[in-house]
Amino acid sequence: MFTGIVEEMGQVEGIQRGKQSAVLTIRAKTVLEGTKIGDSIAVNGVCLTVTSLLSDQFSADVMHETLDRSALSGLRRGSVVNLERAMAADGRFGGHIVAGHIDGTGRITRIKRDDNAVWYTIQAAPQLLRYIVEKGSIAVDGISLTVARVEETAFSISAIPHTVAQTALQNRREGDLVNLETDIIGKYVEKLLTPAPETPASSGLTRDFLARHGF
């Protein structure tokens with residue numbers, strides 16, 4: 001589990017592409033402290049498992065499903081990415097519950113300065129927007145953000161200068177794809193409130209039962 005508080009920005013050192021998968025190698029520093037092979041690191045909000053580790057970089061496998069659902073497929077050598085280690089049990093919960101399991105992608109349609117803040121308007125599919133509520137939480141490329149506005153086909157977030165400066169938001173431009181993970185609590189609530197399909201009651205009477213009892 002993650003919190004959406006980005007620890008550092010890393011840089012893609014290399015991408016080894018397979019037929020439908022890839023291996024990412026990312027140069028980093030802070031997230032490598034105390035990290036070992038098998039640990040989880042969120043890369044632009046996508047939970048990846050460390051498969052190779054050096055003093056200044058790590059590698060992770062990216063499977064076909066992840067490439068299909070996320071914007072990781074658009075990464076190139078030199079791309080800047082947001083990095084966060086999995087939350088420690090005794091850590092401070094500074095953001096919100098982020099699973100690192102991307103629901104889909106959105107496209108930045110507008111970037112607008114508003115005094116000391118920067119507004120990002122992101123177009124998203126209806127199946128994602130249903131879980132996005134004003135003043136609720138959203139993870140955009142792994143960054144825990146507050147939804148400022150929700151429209152029919154898009155939503156907006158307003159980022160403070162610190163967030164922009166400390167994350168890859170500073171490199172985002174209109175037209176860019178970003179990873180989106182909606183608030184997991186909303187999805188669980190919807191699931192629990194959906195009536196379970198009814199199954200026909202079984203009396204236990206079968207031909208074998210009737211035959212054994214002389215019917």
Side-chain angles (χ1 to χ4, degrees), residues 1-89 91-108 120 122 138-145 157 159 162-173 175-182 184:
M1 186 180 77
F2 306 90
T3 69
I5 304 300
V6 174
E7 294 186 271
E8 71 170 317
M9 289 182 284
Q11 188 173 54
V12 176
E13 214 31 44
I15 304 176
Q16 182 181 340
R17 298 191 183 274
K19 186 176 181 181
Q20 294 180 312
S21 61
V23 177
L24 287 180
T25 299
I26 298 172
R27 185 173 294 278
K29 182 180 179 181
T30 302
V31 298
L32 300 183
E33 296 172 4
T35 295
K36 58 185 183 299
I37 291 176
D39 285 351
S40 297
I41 295 178
V43 178
N44 279 354
V46 181
C47 178
L48 298 179
T49 300
V50 176
T51 56
S52 177
L53 191 61
L54 296 176
S55 61
D56 62 348
Q57 63 185 38
F58 71 95
S59 295
D61 294 327
V62 185
M63 59 185 178
H64 185 201
E65 164 75 1
T66 304
L67 290 176
D68 274 355
R69 276 187 178 266
S70 74
L72 293 186
S73 58
L75 293 178
R76 301 289 183 268
R77 179 180 171 86
S79 293
V80 175
V81 291
N82 297 318
L83 301 176
E84 181 192 354
R85 289 168 291 186
M87 180 183 176
R92 179 172 293 178
F93 209 134
H96 72 281
I97 298 173
V98 179
H101 303 152
I102 300 303
D103 293 303
T105 59
R107 188 175 298 279
I108 298 174
Y120 295 82
I122 301 171
I138 182 80
V140 178
D141 273 347
I143 309 164
S144 176
L145 296 164
I157 58 95
H162 176 80
T163 300
V164 176
Q166 297 299 315
T167 69
L169 273 180
Q170 62 183 270
N171 297 322
R172 295 292 177 260
R173 300 291 180 265
D176 284 353
L177 278 180
V178 289
N179 294 320
L180 301 178
E181 181 185 333
T182 60
I184 194 171

Is the backbone of [Y] close enough, under 3.5 Å, to the side chain of [X] for a donor and an acceptor to pair up by distance?
X	Y	value
Gln166	Val6	no
Gln170	Ala165	yes
Arg107	Gly175	yes
Asn179	Asn44	yes
Glu8	Ala28	no

Output the distance between atom [atom1] ([X]) and atom [atom2] ([Y]), rounded to the nearest 0.5 Å.
X	Y	atom1	atom2	result
Asp141	Asn171	CG	CG	10.5 Å
Leu24	Leu72	CG	CG	6.5 Å
Met1	Ile184	CE	CD1	10.0 Å
Thr163	Ile157	OG1	CD1	8.5 Å
Ile41	Phe58	CD1	CZ	4.0 Å
Leu177	Ile108	CG	CD1	9.0 Å

Partners passing salt bridge (Lys or Arg N to Asp or Glu O under 4.0 Å) against Asp56 (at least two apart in sequence or in another chain):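 By the salt bridge (Lys or Arg N to Asp or Glu O under 4.0 Å) rule, Asp56 matches Arg27.
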Residues that Lys36 engages under salt bridge (Lys or Arg N to Asp or Glu O under 4.0 Å), provided they are two or more places apart: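 Applying salt bridge (Lys or Arg N to Asp or Glu O under 4.0 Å) to Lys36 gives Asp39.
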Heavy atoms of other groups near Gln16 CD, more than 12 under 6.0 Å: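 Counting neighbours around CD of Gln16, 12 or fewer heavy atoms of other residues, nucleotides or ligands fall under 6.0 Å, so no.
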Atom of Met9, atom of Asn82 and distance for their closest heavy-atom approach: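 For Met9 versus Asn82, the nearest heavy atoms are CG-OD1, 4.2 Å.
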Minimum heavy-atom distance between Val46 and Ser70, given as atom pair plus value: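 For Val46 and Ser70, the tightest heavy-atom pair comes out as CG2-CB, 4.0 Å.
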Results of side-chain contact (heavy atoms from CB on, under 4.5 Å) for Ala86 - residues two or more places apart only: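 In terms of side-chain contact (heavy atoms from CB on, under 4.5 Å), with neighbours along the sequence ignored, Ala86 is linked to Phe2, Ser40.
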For Gln11, all residues meeting side-chain contact (heavy atoms from CB on, under 4.5 Å), sequence neighbours excluded: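 Expected list: none.
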Donor-acceptor contacts under 3.5 Å from residues 93-105 side chains, at least two apart:
residue	atom	partner	partner atom	Å
His96	ND1	Ser144	OG	2.8
Asp103	OD1	Lys187	NZ	2.9
Asp103	OD2	Thr182	N	2.8
Asp103	OD2	Thr182	OG1	3.0
Asp103	OD2	Lys187	NZ	3.0

Option passing side chain to side chain contact (heavy atoms under 4.5 Å, CB included) with Tyr120 (candidates Val140, Leu145, Val164):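 Exactly one candidate clears the test, Val164.
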Output side-chain donor-acceptor pairs under 3.5 Å for residues 59-66, partner residues at least two apart or in another chain, one line each.
residue	atom	partner	partner atom	Å
Ser59	OG	Thr25	OG1	2.9
His64	NE2	Asp68	OD2	3.2
Glu65	OE2	Arg69	NE	2.6

Heavy-atom check, side chain of Leu83 versus side chain of Glu7, under 4.5 Å: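 Contact flag for Leu83/Glu7 side chains = no.
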